[in-house]
Chemist: 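The structure's right below; bear with me while I get my questions together.
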Amino acid sequence: MLAIGALLGSALIAVPVAAHATTAPAPTAQAPVAAAVGLDDPAKKEIAMKIVSSAENSSLDWKAQYKYIEDIDDGRGYTAGIIGFCSGTGDMLDLVEYYTQIKPGNVLAKYLPALRKVDGSDSHAGLDPNFTKDWAKAAQDADFRKAQDHERDRVYFNPSVNQGKADGVGVLGQFIYYDAIVMHGDGGDSTSFRNIRKRALSKAKPPSQGGNETAYLNAFLDARVWAMKQEEAHSDTSRVDTAQRVFLKKGNFNLNTPLDWKVYGDSFHIG
């Protein structure tokens with residue numbers, strides 16, 4: 001900027017006063033436009049983790065959930081960790097396999113044969129009585145916490161953010177995708193993330209196809225609510241109705257703070 005100012009100053013001195021009325025030459029280069037912030041921005045990702053934790057664990061302290069584990073009677077066996085890895089859906093098995101790759105002989109490695117057998121069921125066979133205690137023990141290990149972060153990003157966070165960006169939706173839309181894939185996974189069943197998105201696309205176009213962002217996200221949330229109601233364990237749709245819809249109605253496409261929402265009747269705030 002200083003160099004440009006000096007050049008303009010010397011130009012003004014060198015020409016007659018009458019020339020001041022002439023149009024100044026256009027700059028030869030424009031400043032680059034800053035890239036739009038996505039949910040993968042560290043500050044936005046932190047917000048995403050807190051909102052998901054409010055629904056999954058009734059707490060904004062998502063980092064306290066590495067040690068969390070219980071059977072919530074949803075047919076998926078044990079649910080555990082920062083994103084609800086399940087013994088019955090394969091993602092817990094993937095997590096323990098990855099953890100064992102980076103730290104052989106860890107306290108959970110001995111459960112791998114049992115995790116392979118119970119995959120696809122709600123069985124605890126080969127896991128009880130000490131699996132929950134050993135999970136909590138593993139959560140004290142920084143490598144296990146890193147493994148949870150890695151699998152969260154690989155399986156859930158990165159795919160949802162990438163799809164959101166491809167569809168032209170902002171931070172809120174990317175979060176809406178993320179929360180859906182956390183709960184429903186991205187398998188081939190009718191309630192999976194990809195099929196929720198297909199239902200939405202049949203009703204509205206995303207911004208990448210010239211559609212209105214509000215209309216598209218409402219269509220996606222409608223499809224999400226339908227998917228949740230197909231399963232008794234997920235039939236409470238407040239994480240959509242009194243959280244994501246609230247942000248959308250306010251037009252808060254960038255998930256800017258402060259944020260206020262409710263999940264399962266509990267109120268939450270991020271300042």
Side-chain angles (χ1 to χ4, degrees), residues 39 44-65 68-76 79-86 89 91 152 155-157 159-161 163-164 167 169-187 189-197 199-200 213-214 216-271:
L39 194 66
K44 299 298 183 183
K45 187 174 185 178
E46 179 71 13
I47 290 171
M49 291 303 298
K50 287 181 176 180
I51 299 174
V52 169
S53 185
S54 75
E56 296 285 324
N57 303 102
S58 301
S59 169
L60 297 182
D61 187 3
W62 68 270
K63 292 181 181 177
Q65 311 310 322
Y68 163 76
I69 181 166
E70 68 175 322
D71 190 325
I72 60 174
D73 297 320
D74 63 352
R76 292 172 170 83
T79 296
I82 57 171
I83 211 66
F85 300 100
C86 295
T89 61
D91 56 352
R152 171 202 61 202
V155 180
Y156 301 107
F157 190 81
S160 55
V161 170
Q163 185 64 67
D167 287 340
V169 297
V171 175
L172 173 60
Q174 293 163 36
F175 172 75
I176 286 172
Y177 277 15
Y178 176 51
D179 191 67
I181 200 171
V182 165
M183 175 177 280
H184 302 280
D186 196 23
D189 56 288
S190 62
T191 60
S192 69
F193 168 74
R194 69 182 64 193
N195 285 312
I196 292 172
R197 179 173 169 271
R199 289 176 72 89
E213 186 167 7
T214 300
Y216 173 71
L217 291 178
N218 270 315
F220 186 91
L221 291 177
D222 290 344
R224 169 81 190 280
V225 167
W226 174 86
M228 292 173 73
K229 288 183 175 179
Q230 303 312 300
E231 188 176 356
E232 179 62 31
H234 294 153
S235 58
D236 184 323
T237 58
S238 62
R239 67 196 288 162
V240 170
D241 304 332
T242 55
Q244 295 168 42
R245 295 269 198 202
V246 172
F247 308 145
L248 183 56
K249 284 177 182 176
K250 290 183 176 181
N252 192 355
F253 296 108
N254 207 36
L255 269 185
N256 292 325
T257 55
L259 294 168
D260 292 279
W261 73 98
K262 292 182 179 181
V263 184
Y264 309 136
D266 296 329
S267 297
F268 296 94
H269 172 80
I270 298 176

Chemist: Between the main-chain N or O of V169 and the side-chain N or O of D167, is there a donor-acceptor pair closer than 3.5 Å?
Modeler: no

Chemist: Cut-off 3.5 Å, side chains only: do S59 and N57 have a donor facing an acceptor?
Modeler: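 No pair is found: no donor N or O on one side chain lies under 3.5 Å from an acceptor on the other.
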
Chemist: Hey, is the main chain of D61 close enough, under 3.5 Å, to the side chain of Q65 for a donor-acceptor pair?
Modeler: yes

Chemist: Ignoring hydrogens and geometry beyond distance, is a side-chain donor-acceptor pair present between W261 and Q244 at under 3.5 Å?
Modeler: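 Distance-only check fails for W261 and Q244.
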
Chemist: With sequence neighbours left out, what residues match T79 under side chain to side chain contact (heavy atoms under 4.5 Å, CB included)?
Modeler: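 T79: side chain to side chain contact (heavy atoms under 4.5 Å, CB included) contacts with Y68, I72, D74, C86.
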
Chemist: Show your reasoning for whether side-chain contact (heavy atoms from CB on, under 4.5 Å) applies to F247 and I51.
Modeler: CA-CA 12 Å; F247 308 145; I51 299 174; 4.0 Å; yes

Chemist: Quick one: CZ on R194 to NE2 on H184, what's the gap to the nearest 0.5 Å?
Modeler: 14.5 Å

Chemist: How about V182 and F157: do any of their side-chain heavy atoms sit closer than 4.5 Å?
Modeler: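 The answer is no, as the side chains (C-beta and beyond) never meet within the 4.5 Å cut-off.
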
Chemist: Taking atom CG of L255 and atom CD of Q174, what is their separation to the nearest 0.5 Å?
Modeler: 9.5 Å

Chemist: Using a strict cut-off of less than 4.0 Å between a Lys/Arg side-chain nitrogen and an Asp/Glu carboxylate oxygen, indicate whether D241 and R224 qualify as a salt bridge.
Modeler: no

Chemist: Are side-chain heavy atoms of D236 and K229 found at a separation under 4.5 Å?
Modeler: no

Chemist: So does V263 get a backbone contact from the side chain of R239, meaning a donor-acceptor N/O pair under 3.5 Å?
Modeler: no

Chemist: Carefully, step by step, assess E56 and I82 under the rule side-chain contact (heavy atoms from CB on, under 4.5 Å).
Modeler: CA-CA 9 Å; E56 296 285 324; I82 57 171; over 6 Å; no

Chemist: When you measure from the side chain of T191 to the backbone of A227, do you find a donor-acceptor pair of N or O atoms at a distance under 3.5 Å?
Modeler: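 No.
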
Chemist: Any heavy-atom pair between the side chains of F253 and T214 that's under 4.5 Å?
Modeler: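 They are in contact (side-chain heavy atoms under 4.5 Å apart), so the answer is yes.
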
